[in-house]
Amino acid sequence: FTQDDFKKAAAYKAVEFVHSGMVLGLGTGSTAKHAVDRIAELLRLGKLKDIVGIPTSKKTHDQAVSLGIPLSDLDSHPVIDLAIDGADEVDPHLNLVKGRGGSLLREKMVECVCKKFIVIVDESKLVEFIGASGLAMPVEVVPYCWKFTAVRLQNLFEESGCIAKLRTVGGKDGEEPYVTDNENYIVDLYFKKDIGDLKIASDRILRLAGVVEHGMFLDMATTVIIAGESGMTIKNKELEQ
Ligand code: DER
């Protein structure tokens, strides 16, 4: 099996929890893509009816439009029955890092107001603690004086050996700042050590004027579906307290 086979298996399993008539949060990324494909397939086969999708990025919006999934937005549907989305990291308490695909703001807006939020991952996403992968923990910031904000973010986590880097696109070292769907920039934080209490870390980040949102999704996932060599594992929030 390839990693993409695992992603697809987790995605298809999650779609088993979708019922006709639901308002669905449609996630972003290579794993969520399989869930959106599967939902469209079941609609086409008549196995699902009356679904309304709320996309978490322009990319997912375009995918859903091309597949004929009826779409709406949070203004029209402020409460969502179920969201299915991937994650970059999942810790033992089902806290997540998301946003390496750049869609963290719209994902969090949608996934904060879901009755049920199913996270779909291949086993490579499991970590002992948030930031343990050494990969980016994204923070969406306003473009105005982003360097000022990046330095303040880095200083917040000095004792964890934090490095803050502007996400760029184009060329080897990237020439231009990456621009999100919301016309903001992303500063990626890289930690060398555990950042401790995640709620405190979250509050400290969000208190910085110039920060829009960060990629830690704390106490939000209700279910995590993990696919890997040993098969499929389903973890439910209430059991993982
Ligand atoms: O950027 C995001 O939030 C994506 O959902 C990411 O967390 C998972 O992307 P992947 O399924 O392509 O690994």
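We count ligands from 1, going down the list as the structure has it; atoms in each ligand are counted the same way.
With no hydrogens or angles considered, a side-chain donor-acceptor pair links Asp122 and Ser124 at under 3.5 Å. Between the side chains of His19 and Asp81, no donor-acceptor pair is found at a separation under 3.5 Å.
Atom 7 (O) of ligand 1 has as its closest protein heavy atom Asp88 OD2, 2.9 Å. In terms of protein heavy-atom proximity, atom 9 (O) of ligand 1 is closest to Gly29 CA, 4.0 Å. Closest protein heavy atom to atom 10 (P) of ligand 1: Ser30 OG, 3.4 Å. Scanning the protein heavy atoms around atom 11 (O) of ligand 1, the nearest turns out to be Thr31 OG1, 2.7 Å. What sits closest to atom 13 (O) of ligand 1 on the protein, heavy atoms only, is Lys125 NZ, 2.6 Å. With hydrogens left out, the protein atom closest to atom 1 (O) of ligand 1 is Gly101 N, 2.7 Å, a heavy atom.
Of the N or O atoms in Val97, none lie within a sub-3.5 Å distance of an N or O in ligand 1.
Pairing each heavy atom of Leu71 with each of Leu26, the nearest pair is CD2-CD1, 3.9 Å. Taking both residues in full, the closest heavy atoms of Ile80 and Gly25 are given as CG2-N, 3.5 Å, listed atom of the first, atom of the second, then distance.
Of the possible polar contacts, none joining the Arg152 side chain to the Leu208 backbone as a donor-acceptor pair under 3.5 Å is found. Under a 3.5 Å cut-off, the side chain of Asn182 and the backbone N or O of Asn184 do not form any donor-acceptor pair. Looking only at distances, a side-chain donor or acceptor of His214 sits under 3.5 Å from a matching main-chain atom of Met216. Put simply, the side chain of Asp85 gets close to the backbone of Thr28: a donor and an acceptor are under 3.5 Å apart. Between the side chain of Gln154 and the backbone N or O of Ala164 there is at least one donor-acceptor pair closer than 3.5 Å.
Only backbone heavy atoms of Thr28 (N, CA, C or O) come within less than 4.0 Å of ligand 1; its side chain stays farther off. If you look at Ala87 next to ligand 1, the close heavy atoms, those under 4.0 Å, all belong to the backbone. Residue-level proximity to ligand 1 for Lys98 is carried by backbone and side chain together, each with a heavy atom below 4.0 angstrom.
Here is the list of ligand 1 atoms found below 4.0 Å of a heavy atom in Asp85: 5 (O). Near Arg100, meaning under 4.0 Å from one of its heavy atoms, ligand 1 places the atoms 1 (O). Listed by number with element, the atoms of ligand 1 under 4.0 angstrom from any heavy atom of Gly99 are 1 (O), 2 (C), 3 (O), 7 (O).
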